Each structure stands twice: as C-alpha cells, then as structure tokens.
Amino acid sequence: MDKDKLAVLAVSESGFIFDPVTGHSYTANATGLKILELLKAGKEPDEIRSVLLDEYDSTEDEVSVDVNDFIENLKKYFLI
Amino acid sequence: MKLTVAVSGINTIDNPGPGAGICRALKESGMDVRTIGLAYDALEPGIYLDHIIDKSYIMPYPSGSREAFIERIKDIHSRESIDVIISALDAELPIYMDIEPVLKDIGIKMLIPSKEMFRLRDKLRLKELAEKIGVKAPEYMSCTSLADLHNAVNELGFPCMVKGPFYEAYKANSPGEAEGYFGKIAAAWGYPIIVQKFIQGDEYDVIGCGDGNGNDIGVFAIRKMTITKLGKVWNAVSIRNEKLIEATKRVVKGLSWRGGFEFEVLLEDKTQEIYVLEINPRFPAWVYFPAGCGINLPARMVQLLTGQDYDTHSDYKSGKLMIRYTNELVKDISDFEQISTFGETSEKGE
Amino acid sequence: MKKEYIKPYIRKQTAGVMNKFGVSYNKGHREEIEGFHIGDFTEKFGSPVFVLSEKVIRERYRKIYSYFSSKYPKAKMSWSYKTNYLDAVCSVLHQEGETAEVVSDFEYQKARRLGVPGKKIIYNGPYKPLESLIVAFKEGAMVNLDNFDEIIKAEEAAKKLDIKASVGIRVNMDTGVYPQWSRFGFNIENNNAFNAVKRIQHSEYLHLEGIHCHIGTFMMEPSAYKEAVKKIVQLMRRIEKEFEISISYLDFGGGFPSKNILKGTYLPPEVAIQPVENFIDAITDTLLEELEPKEYPEVYLETGRAIVDEAGWLITTVDAVKRLPDGTKSYIIDAGVNLLYTSAWYNYHVEIDREIHGAYENSIIYGPLCMNIDVVVESAFLPPLPKGTRLILSPMGAYNMTQWMQFIRYRPAVVMILEDGTVEQIRRPETLQDIVGPESVPEKLKRFQF
Ligand SMILES: Cc1ncc(COP(=O)(O)O)c(C=O)c1O
C-alpha cells in the first residue's frame, strides 16, 4: 500500500482534510479519521479491524465490511 | 430598529443569484440591518463577501425533506432572531410558499406569491396571462419527446427558440440544431422543453415588487445590452417606456402579485408590440442596479413587512448604465474548512 | 464501556456539486404506517409486503366525489378496476357507492363474482370478445364501443339476443396535450365519431346512449379536460339534433395525477401537481357553461390513480450492500421491477425505518432479479444502510398490484390497515402450487434421470 500520499494530508480535528499536493479537500467523520490515522501509522486492515472492535461497540462482520468499503473509497480517490 | 434579514441566492457566479445584490442594497439603504446568507454550497461566493453579508449558513437542499429545511431555519432563527427572509431562487420558492405560515408563527416574515399566483405565471400558461394583461405571447409548443419536437418545428418554422423548463434558451436555425439543443437541455433540466416562435426584436426587463393587494411598491425597466450564454443580463441601460411600465402595473394588478418579480419581455422591431417572455417570481440578479438609482426594492420590501414607512415611487433616470464585472478575492483554505465542516461562517472578527 | 459505533466515511469535496435542484435529502425516517410498526408488518407477513390503507382510500374517494357532486348535479363515479382490482380494494369503493369500470372479460367476471350487478358495470376497452358482449348486453351493462368492427360485433351480439342494445362510443380528440391518445375510440375532428353514431343509429339492434373518453393518464394540465368537455358537448348537440335522440350519459374517464414524482421532473409534487379540485373544476365549470339545466346528462368519472396511489406503500428489506466499480453505493432489496411496474416512470419516495447516522450518498437501489433492467430507484440520497434495513417506498397503490408479474419469484402478501385499527391480509403470498396448478406435463416427458 502506498502510504506517501496519506502522509502529506493535513488532517484537522474537525474532520476536514486538505491535500496540499493535489489541492483536493475531503471530509470524514470520527471513525473515518481513526482509520486514516491507523493507515498512516502503517497498520494493516486486520489490525485496524481489531483496534476498532476494541474501541467501539460493533460486530466483526459490520466492521470488516465498513473498513473494506472505506479503503475502496480511498482507492477511488487515489489516496492509496 | 435593528433588523436581521436572511437572504438566499448568494451564488454570484456566471449564472448569478440576486442574493448578494439584495444584501448590498439593504446595507446601503440607511437601515440598521444584519444580513444572513443562506447558501447551498460551500463555494457560493456570497459566503466570502463579509463586507455585505455578515454571516452565512449552509441550508439543506430545498427539494429534500420539508422537515429538515424547517428545522434548519428554526435552528438559525434561534440564534439570529430573523425578522425577514428574502427568498431569491426559483427552486426554493415552492417550499417557502408551503411553510410561510409556519415561519409567520415563529415571527419570520416573507413577501412571496401564493401557489395560485405562482402557477398563473407558469411558462406553459403565458398565453392565458398575456390575454389577461393585454400584451402578446409568442407562439410556442411544449414538448416532452423528439416526436413532439419535430411536430413543433414543423408548425412554428425556423428560426425558433428552444427553451428549458427553468434555464437556457437557444436559437435554432435547422432541425439538426433544434434536436441538438433539445437533447442538451433535456439532459440538464428535464422536461417539458418549450419550442417558441422566433420574433425579431430587443429584450427588455422590468423589475418590480407587488404588495399583494394589486399595488406595486416600485418598478424599474432596462434594455439588456449584453447577455451571457445562459441568457443572463450582463450590461444594461435604464429606460422609461410608459407602455411597458403600464403593462407591468397590469401584471401586478391582474395577479395581485405579492413579492419581487422580473417581467421579461421582447419588443418587436417592426411593431414595438410587447411580447411577454417570462415572469420570474423573485428579484433578478441585477436587483442592485435600481437600488443604485434610488429604487431600493429590497429595502422597501423589508420596510413594508416590518410595518415601517416605505417609498412606492418609480422616479428614476433613464440612461443609467449597469456594468457588471468579475473580481477575485483571496481567502484561506481554513475559511472553506469552517463553512464546509460546520455549515456556517465564523462571526466577523473572530 | 465501548464507544457508540458510527460507520466511517470520507468524502471528497467537489466544487459545483451545487445543483439548485439538489438531490432528495431525506433526513427523516418512518417507524410506522398509521400507528403500526414497520417491523410488525414484515414479521407477520414477510418481506416485501404491500400495505394499503382503507382510511386513505375512503378519504381520497370522498374528497373527489364530494367536490364533484357539489359542482354538478348528476355526478357518478365508477371504479377503474385495472388500477387496483384486489377484491378488498374494490369492495371499499363499492361500499362508497362506486360502480365498476372494467376493460376485459376477466375484469367483468371478477366484478360479477364480487357481487356487482351487470347494470352497475361500465364495459370499456378496445377488445371485447363476442361472448362477453352477449353477457354484458344480457345483464344490462353500459358498453362503450371502440371501433367500427366492434360496432358490427355488438350488432351481432344484440341480434343473437334479439334486443335493441344501448351502447356508448369511446371518442378521442386533440386537447392540446401530447402525445394524443388517438388509438382508442373514434376521432372527433375527422368526423369518425359522427360517422360511428350514424352507423349505430342505422342499426336495427343498437342505439346510442352515451359518449365516453379517457384523454390520458397522469395528466398535468386541467385545461385539457376543458377542451375535452367542450368538444364532447358539441358532438353531443350535433348528434342529438341530427338523430333526434337524447344522450343520457357522458363519461370523462380517469387521468388525474397522484403525488408521485415523474422521472425527469424537478419540482416537488406538492407544486407540480395541481390539486384535484382544479381538474374537477375544469370539467364541471365547462359543463355548466355549455349546458342548459334541462339537458344535464349523467356524468361519470373513472378516476383510478388519484384515489388509490397514495393509499399504498411497499415495505422491502435491504439484503446486500455493494460498492460498484465506479464508486457508486448500491443496495440490493427483495422487491424488484417484477412487482413494481410503475418504477419505469416514477421516482418513488424512499423512507427508512430507523435513524441512521453517517454521510449521505447518492445510491442506486437494485431489485433481486437476475436482470440488468432491475433498477428500482436510480438515485436516492441515503445514509449508509446496514443489511436488514427496511425501506418504505411510496406511493404504491395504483397499477402495481395489477401489472406485477410472476417472474422467478412469488408475489408477496398484500395487507390492508382497516379503519377499526386492525391489519388484515387481503392477498396471501403465492405458493408453488398457485403457479404450477394450471400446468401439466405430457406423459412421455414425465420421467428423467441424471
Ligand atoms: C378507460 C379508462 N378509464 C379510467 C382509467 C383510469 O385512469 P387513471 O388511473 O389515470 O385515473 C383508465 C386508465 O388508463 C382507462 O383506460
């Protein structure tokens, strides 16, 4: 996974994300920011899932579908 | 008396809304007014014009849930105590017509047409209206399919105008051109598409405001000098054409029009007869022009609604010129972050 | 304690997404229909399930009939069976006093079986088999003829019964609305209608009683009815004078719109769709202008959609969530175009049964069929729906429960919320036996071995 692109993103606590290289901006919610932070730290999808499960009240199934969907979205935006 | 007026349509883009012009007219009226911008997109330029718009909020789309729309207004009202809303977009007028009584109950006043008035000015009923006010309407046919289009151009001949249900109008000189425009408009705006007989002449525009009892509170006429590709006025000159003013007054009387409007007409070269093209149920984007010439319709509207004295005269000079220009502002990405993540601008000076 | 889980999202901000007409931003959710929990319907009757409201049907009918009858002395209404011919629905409307308007021998038989006497049936349509005409004449139904061949067929039927049968004619005309429905009935402008009357009056076995038209469905412009009434009254005058007869009924068919959203329209239906009163005014005002009180004929309306559409909902369940290769969010639900004939021209109102947090996205809703055309809603602005979410689609009451087809799945239950506050199943879900019942296999095909 290409993490360089993620590394340069300016992430604000408000959920606003600015990419100084491309000039694009994004919005994310708290869960999205959390996943982004974990990806930036080099975590693999499996590790991300278990971190989320520890922290949030959800099921394994739901979290894995959502993490996949989120990563698909990042791919769509060419962020990874 | 300090008043708070919320204004929509602050998208001063190449197809501009009148909101910024309304706010500027209010600010220059001498009244003590706080202006609130109601935007639908974080990049509407009005949001960033903090010298005329004190604070802006993002609204849910008017075509969506009524409840969400009302809730948002109530939320803004609880913080701003809005006295008056001036709605300035065709697309949101229907919802405001529906919720005006709710707004009235919570102390927000509006001067807008009723649904019946709104329907009477529908493009598809121009003929009826023209008869009622004693002007002409160009022959037209409404089309919802290519077969209808062929039928219509056969009937009306070339050149003809191909027009969208809300925006865009093109002059077509051949069946091929007509089909091209038809497809283009249908893709953008849907149906019905109107095919109208072409009449050689000049386009004129009258802005006005009706009090709902058949009286106007001021009118102002212009000749369009240049228009954009979308048919919007870019440069204009004020004129005094009594026939046109009289016709406008008949519109206000005939419909008992309530609120701002734009009466778009064409004067045929040969005969100087008035053809009505359209009546827009709101102020046009060039609403500041008459204000700059002493006919401040937004201010008069607010004064009427809040029980103050207001002028109703239409004494202005002909030969005043409106030059519209483009301009650039420099802002920071954090301003965009603020509006796009919180849905409102920060208070001035914060 | 663990934190509440909210589905993650990230969305690119695109300038210029601002379309003044926006997308349907549907923040609300709907937990019940007339006080009954959405989940209770599916638990008891399965998913999907069509829900109809007796109360709304009666209210819609009464609103239209009371206005119509207050504006014209001899106002009659006849229930358009094809719009929804479930027995329970027809019974509600027959209780209200509507007669039956049918367009096929099947519908005729269905009305008779329900207990509607032949005299209270209007028999329309472009194809009426000889045997069905014989029955209709024998039982005294009001028959409106569509074409010259049918006049001859009617004559034959009456001759067989050795009676002089009264008939009406269906006519069509230019009302300023396109496309013109010119394939049904006799055209007025080209004199066809007059010639048809001439032919009928010359017959030993037929005589003309009424004139019928149905200028189209989901009409947006009341003025079209004004045109229709004018032209039909003119025709009536001409016929009455020429043949010295008196026309006893005029029937203006159906066609009033419901608050559904036609594809390709931007204005919300509250504004785009004129109130039904305006349509009735167009008819009755023109009648009163054109007619002398002594000549008032009976006037029928066969309003279908405007009565029953808004009285119906479909509850359906999200079975899978899928992101398409182009990034579009899509959902697969358990009801498809096999059940939703009207999805071809409506953008249904979509509601969800619970509050869901998360970013709204434009999503496609697919049906369960193995067919590319099975798109139920092309674009709905929805939060991230988990599997199992119930969607409530509406208005659903008109045409779906007659034009649905049995294609690879069973048709689901239809239930009615009754005015006394109970819910009853008015059509049970289909079973294998319902579908294979009519079939038989030739003896030599009966055995196979793998
Ligand atoms: C003859 C006739 N009458 C009545 C109707 C009912 O029309 P609607 O549902 O548009 O009111 C139809 C429908 O097409 C029809 O063909």
Side-chain angles (χ1 to χ4, degrees), chain A residues 5-6 9-40 43 45 47-80, chain C residues 1-19 22-23 25-27 29 317-333 352-366 379-391:
Chain A
K5 287 184 185 161
L6 291 182
L9 295 181
V11 179
S12 144
E13 252 173 68
S14 68
F16 183 80
I17 300 156
F18 181 63
D19 182 338
V21 178
T22 63
H24 288 309
S25 54
Y26 307 84
T27 50
N29 62 359
T31 324
L33 288 182
K34 181 88 201 170
I35 300 177
L36 208 57
E37 180 191 310
L38 294 167
L39 282 169
K40 274 181 146 186
K43 296 280 187 281
E47 298 172 86
I48 295 174
R49 274 189 275 278
S50 60
V51 172
L52 290 181
L53 275 174
D54 283 346
E55 206 163 307
Y56 295 100
D57 181 20
S58 183
T59 63
E60 177 117 32
D61 282 349
E62 180 168 29
V63 168
S64 54
V65 170
D66 291 350
V67 170
N68 277 340
D69 192 55
F70 191 83
I71 291 174
E72 284 305 310
N73 243 328
L74 293 180
K75 283 187 196 157
K76 182 176 101 186
Y77 295 146
F78 302 105
L79 286 174
I80 49 177
Chain C
M1 217 188 81
K2 288 189 187 179
K3 288 192 264 184
E4 189 201 350
Y5 179 73
I6 294 173
K7 283 181 179 295
Y9 83 83
I10 178 164
R11 184 163 357 125
K12 191 174 191 165
Q13 296 186 300
T14 30
V17 285
M18 202 213 77
N19 165 351
V23 268
Y25 182 71
N26 200 345
K27 224 171 175 178
H29 63 285
T317 308
V318 173
D319 187 66
V321 184
K322 197 166 176 175
R323 197 166 282 280
L324 303 179
D326 70 357
T328 312
K329 188 82 169 249
S330 73
Y331 297 100
I332 300 170
I333 60 172
I352 52 183
D353 67 337
R354 62 195 82 170
E355 196 173 342
I356 293 175
H357 297 284
Y360 279 67
E361 253 183 292
N362 248 328
S363 321
I364 304 184
I365 304 177
Y366 291 118
S379 172
F381 206 51
L382 295 168
L385 307 180
K387 183 174 151 58
T389 309
R390 314 271 184 215
L391 300 182

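Letters go in sequence order (proteins before strands), and every chain restarts at 1. Fair warning: this is a prediction, and the values are worked out from it, not measured in the lab. As a basis for the values below, the full set of heavy atoms in this structure was taken, side chains included, without hydrogen atoms, waters or symmetry mates.
- There is no contact between A:L33 and chain C, counting heavy-atom distances below 4.5 Å.
- Without hydrogens or angle criteria, A:N29 side chain to C:Y9 main chain gives a donor-acceptor distance under 3.5 Å.
- Distance check, rounded to the nearest 0.5 Å: OG of A:S25 to CZ of C:R11 gives 12.0 Å.
- Counting heavy-atom pairs closer than 4.5 Å to chain C, the top residue among A:V67, A:I17, A:L74, A:D54 is A:D54.
- Note that the NZ atom of A:K76 and the CG atom of C:L324 stand 10.0 Å from one another [nearest 0.5 Å].
- At most 12 heavy atoms of other shown residues, nucleotides or ligands fall within 6.0 angstrom of atom CD in A:E60.
- With a 4.5 angstrom heavy-atom cutoff, A:D19 does not touch chain C via any of its atoms.
- Contact of A:V65 with chain C is not made at all, since no heavy-atom distance falls under 4.5 Å.
- Counting heavy atoms from C-beta outward, C:K12 and A:Y26 have side chains that approach closer than 4.5 Å.
- The closest side-chain heavy-atom distance from A:D69 to C:K329 is below 4.5 Å.
- Atom NZ of A:K34 is separated from atom NZ of C:K3 by 6.0 Å, given to the nearest 0.5 angstrom.
- Minimum heavy-atom separation, A:D66 to C:Y5: OD2-OH, 2.8 Å.
- Note that CD1 of C:I10 is 10.0 Å distant from CD1 of A:I35, once rounded to the nearest 0.5 Å.
- Atom NZ of A:K40 sits in a crowded spot, with more than 12 heavy atoms from other residues, nucleotides or ligands closer than 6.0 Å.
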Might you work through the side-chain contact (heavy atoms from CB on, under 4.5 Å) test for C:R323 and A:N68, ending with a clear yes or no?
-> CA-CA 10 Å; C:R323 197 166 282 280; A:N68 277 340; over 6 Å; no
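- Minimum heavy-atom separation, A:G32 to C:P8: N-CB, 3.7 Å.
- A donor-acceptor contact shorter than 3.5 Å is absent between the side chain of C:K7 and the backbone of A:E62.
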